[in-house]
Amino acid sequence: MIRRAASQTRFFWPEQRKQLEVLFDAILPGTVDSPGATDANAAELVDRLLGAEPASYYEVPAWRRLYVSGLAALDAACRARHHVALAAATPAHATELVADLAAGALHELPATPVAVDQRQLFGVLRAHCIEGCFADPRWGGNRSSVMWSWYGYLTPAQAFRRGGAP
Amino acid sequence: MTTAATAATTAATPAIDRPDVIIVGSGCGGGTAAHALTARGFRVVVLEKGPRKTAEDFLPLDELHFLTRKGLIPTVDIAPQIYAGVDGKQRVAVERWWEAEMVGGSTMIWDANFPRYTREDLEVLTYLKDVPKDASMVNWPWTYDQFQPYFEQAEHLWGVSGKTRQHDHHARQEPTRDGYEFPMPPLRPHASTEFLMQAFGKAGMKPYLGARAINSQTFDSRPACSFCGYNQFFGCAVNSRASSVNTVLARALATGRCDLRPGHCVTRLVHDNGRVRGVMYKTCPGGPEQFLGAATVLVSVQTIQSARMFLISEIPDPNKLIGRYLTYHTKGNAELSFKNKPVWDAGAAYQPRTAIGSLQLRDLYVIDDPGVPLSKGGKFSIYDPYTCTTPIRQIKGASLGKDRPNVWGTELVDYLREIRSQGGVSFSFTGEAMSLYDNRVELDDVVRDPWGLPVAKTYYRHHEYDRRLAGYALDRVIQVMTDAGGELRRYEAQAEANPGYGHVHGTLRAGVDPGASVLDADCQSHTVKGLYVLDAAFMPTAGAANPSLTLIANALRVCERVSPS
């Protein structure tokens with residue numbers, strides 16, 4: 001069975017949700033004239049995707065396990081490298097972590113309690129960040145169609161100006 | 001509202017207990033056979049494993065649900081295919097991308113790219129020089145001229161938009177008889193068409209507007225395409241895109257001689273003493289097997305699944321050829337961006353946001369280049385990546401060059417800025433593939449599908465010829481585009497491994513020699529009389545174009561020869 005509507009139940013604890021938002025902001029950052037994952041509230045799509053019953057889509061159980069172990073491992077790596085929780089990491093620190101994760105070279109990633117496949121984790125994070133930005137808003141991300149409007153999907157591309165920017 | 005186009009999804013069909021012909025599968029081969037045989041007065045039962053789907057099943061159009069989460073194909077957890085890897089020792093569960101299990105089959109989700117296979121494909125040994133020693137390339141047992149009347153019949157039956165003989169190259173590359181024309185003019189071109197024609201013209205190449213089984217105007221009681229922006233892997237809720245349901249099955253059902261039975265999974269073909277007797281089927285997983293008899297059984301359930309059905313049914317195979325010579329087309333993709341071109345303006349004369357590619361390029365179908373050991377090539381479909389591809393799919397593939405795939409962070413922002421402001425082009429290559437005996441389908445000895453049947457296991461590696469061909473063809477078009485100011489962004493050439501994505505053919509080769517083929521020249525089993533195969537399993541070699549039209553033309557040809565007794 002594949003659900004055709006977003007779950008109303010969320011999956012992450014607040015700390016995990018914040019960690020995911022930090023990572024997604026590194027994967028697709030907003031700029032003064034372009035919206036990013038934070039503007040789209042992209043993490044909301046993943047929160048609801050994993051909050052759905054496991055039978056809703058066959059990859060949900062595996063994704064739940066990957067996120068729980070992956071976020072914990074990345075938090076530990078961030079604390080070891082930057083002496084700060086992942087949820088409070090600066091964009092520069094988060095970008096550095098994601099870069100090493102993408103290269104499979106994040107040496108601070110703990111091997112226990114679960115060894116995380118770094119490239120697999122990066123692949124899922126990148127894919128879900130893009131889905132959270134560019135899927136139909138009914139799934140929880142792409143808030144107010146902000147990414148579609150700027151990208152030019154379904155309507156001509158619109159300019160984006162961050163608050164107060166000229 | 002019930003129209004002829006939707007009748008096949010809603011109409012009650014007559015119960016036929018003693019059919020002249022059983023047709024297994026309701027996609028392009030099975031549906032075409034239902035039409036052709038009922039038109040000849042025969043009574044047929046069509047057994048389709050999947051359910052009926054209607055417009056409500058395809059709406060609301062949603063990329064995440066239908067494309068990203070593969071909403072209309074079997075999910076890999078329930079009914080996978082097992083890929084053994086290039087070393088034959090792996091066990092990778094993969095999706096069956098082109099096996100939409102529903103009435104109409106994969107014609108419900110295809111992109112309806114409808115080129116003909118041509119002389120170069122059917123008479124491959126004339127055009128393929130220096131055949132690799134380990135490849136088994138053979139001419140088809142029919143000529144292009146023999147196929148021509150069936151191509152014409154198929155193009156009008158399924159409703160093709162396009163234009164024949166658009167220029168001298170096209171007239172030579174896709175020959176049609178004098179005076180022949182498609183039933184509809186081409187779909188509106190992309191705004192990039194003029195620029196691309198000029199750029200390729202400087203290199204001595206000429207693209208053309210491709211044939212599509214998509215209405216460019218009202219035809220066969222179906223409306224013109226609304227350019228909704230969703231095509232491949234999405235259902236067409238308004239029936240502008242042809243399917244088995246809204247063309248051939250609708251006609252077959254209107255005769256009263258077609259009993260269409262969704263939810264009927266054929267579990268094996270019944271035969272004895274070299275004759276087919278009928279089929280065993282189930283109407284629910286775990287349910288009892290039931291028998292339906294007929295002296296003629298036509299199988300059309302997709303290449304790999306037809307081979308699987310032959311293996312499960314223990315069709316006599318004295319030469320060990322069932323499942324062999326599986327071919328996937330050689331694939332390749334490239335995308336470029338033009339700093340000197342603003343994003344293509346979708347004015348009224350052009351396609352608006354849509355997912356329909358228009359331009360095709362056959363100038364590398366035969367390669368005449370003394371610098372490379374390649375001769376039989378392939379065809380490009382040319383798209384505007386920004387307007388043809390839905391955003392999640394497009395952006396997941398965001399790349400900034402050969403060595404910079406799958407970008408993220410500020411590079412992804414750069415990519416997005418570029419694609420929304422600069423003109424772009426993307427190429428999808430469909431190329432010839434070397435037929436190898438070891439590329440094959442077997443029955444998996446571990447995994448069973450919900451009906452209790454062993455799933456298919458594929459062994460596949462692309463020959464070095466295929467990989468060189470993809471690289472060469474991509475490099476040629478990239479050079480033309482670079483000369484026109486383009487910068488390479490995405491580049492994907494065929495790898496040696498192919499877990500199961502792409503047009504698929506072979507496995508039950510047709511031929512005149514019973515010692516070298518599974519089917520005879522009428523696509524009837526050499527060893528079980530009355531048993532025919534109509535999907536692309538019959539194709540002796542891969543050819544180098546989208547195979548559906550040729551499959552349909554062949555089904556029409558075969559159904560003229562079927563003599564139920």
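Computed over heavy atoms, backbone and side chain alike; hydrogens, waters and symmetry mates excluded. As the structure is a computational prediction, the values presented were derived from the model and not from experiment. Below, read A as the first sequence line, B as the second, and so on, with proteins coming before strands; counting in each chain starts at 1.
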Practice problem: Might you confirm whether atom NZ of A:Lys18 has over 12 heavy atoms from other residues, nucleotides or ligands at distances under 6.0 Å? | Solution: no
Practice problem: Could you tell me whether the side chain of B:Arg420 and the main chain of A:Ala157 form a donor-acceptor pair under 3.5 Å? | Solution: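 A pair under 3.5 Å: no.
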Quiz item: Do the side chain of A:Arg126 and the main chain of B:Val407 share a donor and acceptor less than 3.5 angstrom apart?
Solution: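 Here the side-chain-to-backbone pair exists.
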Self-check item: Side chain / backbone / both / neither for A:Ala37 at chain B, heavy atoms under 4.5 Å
Solution: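 Neither; nothing under 4.5 Å.
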Practice problem: Against chain B, label A:Leu125 side chain, backbone, both or neither, depending on which of its atoms sit under 4.5 Å from a heavy atom there. | Solution: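 Neither the backbone nor the side chain of A:Leu125 comes within 4.5 Å of chain B.
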Practice problem: Could you list which of residues 447-455 of chain B have a heavy atom closer than 4.5 Å to any heavy atom of chain A, in residue-number order? | Solution: none
Quiz item: Does the side-chain contact (heavy atoms from CB on, under 4.5 Å) test come out yes or no for B:Arg417 and A:Trp150, once each step is laid out?
Solution: CA-CA 9 Å; B:Arg417 285 186 195 284; A:Trp150 176 72; 4.2 Å; yes
Atom [atom1] in [X], atom [atom2] in [Y]: separation rounded to 0.5 Å?
X        : Y        : atom1 : atom2 : value
A:Cys129 : B:Leu412 : SG    : CG    : 7.5 Å
B:Thr75  : A:Tyr57  : OG1   : OH    : 7.5 Å
B:Lys70  : A:Glu59  : NZ    : CD    : 5.5 Å

Going by heavy atoms in the side chains, are [X] and [Y] under 4.5 Å from each other?
X        : Y        : result
A:Pro29  : B:Val413 : yes
B:Ile419 : A:Tyr151 : yes
B:Asp62  : A:Trp139 : yes
B:Thr390 : A:Tyr153 : yes
A:Met147 : B:Ile395 : no

Self-check item: Among A:Leu45, A:Asp25, A:Asp33, residue most engaged with chain B (heavy-atom pairs, under 4.5 Å)
Solution: A:Asp33
Exercise. Would you mind telling me which of A:Leu28, A:Thr95, A:Ile130 has the largest number of heavy-atom pairs within less than 4.5 Å of chain B?
Key: A:Ile130
Self-check item: B:Tyr386 versus A:Gly152, closest heavy-atom pair with distance
Solution: OH-CA, 3.4 Å
Quiz item: Between B:Pro391 and A:Trp148, which heavy-atom pair has the shortest distance, and what is it?
Solution: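 Of all heavy-atom pairs spanning B:Pro391 and A:Trp148, the closest is CG-NE1, 4.1 Å.
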Quiz prompt | Pairing of A:Glu131 and B:Arg393 as salt bridge, 4.0 angstrom limit | solution =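 Answer for the salt bridge query: no.
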Quiz item: For B:Val343, is it the side chain, the backbone, both, or neither that has a heavy atom closer than 4.5 Å to a heavy atom of chain A?
Solution: neither
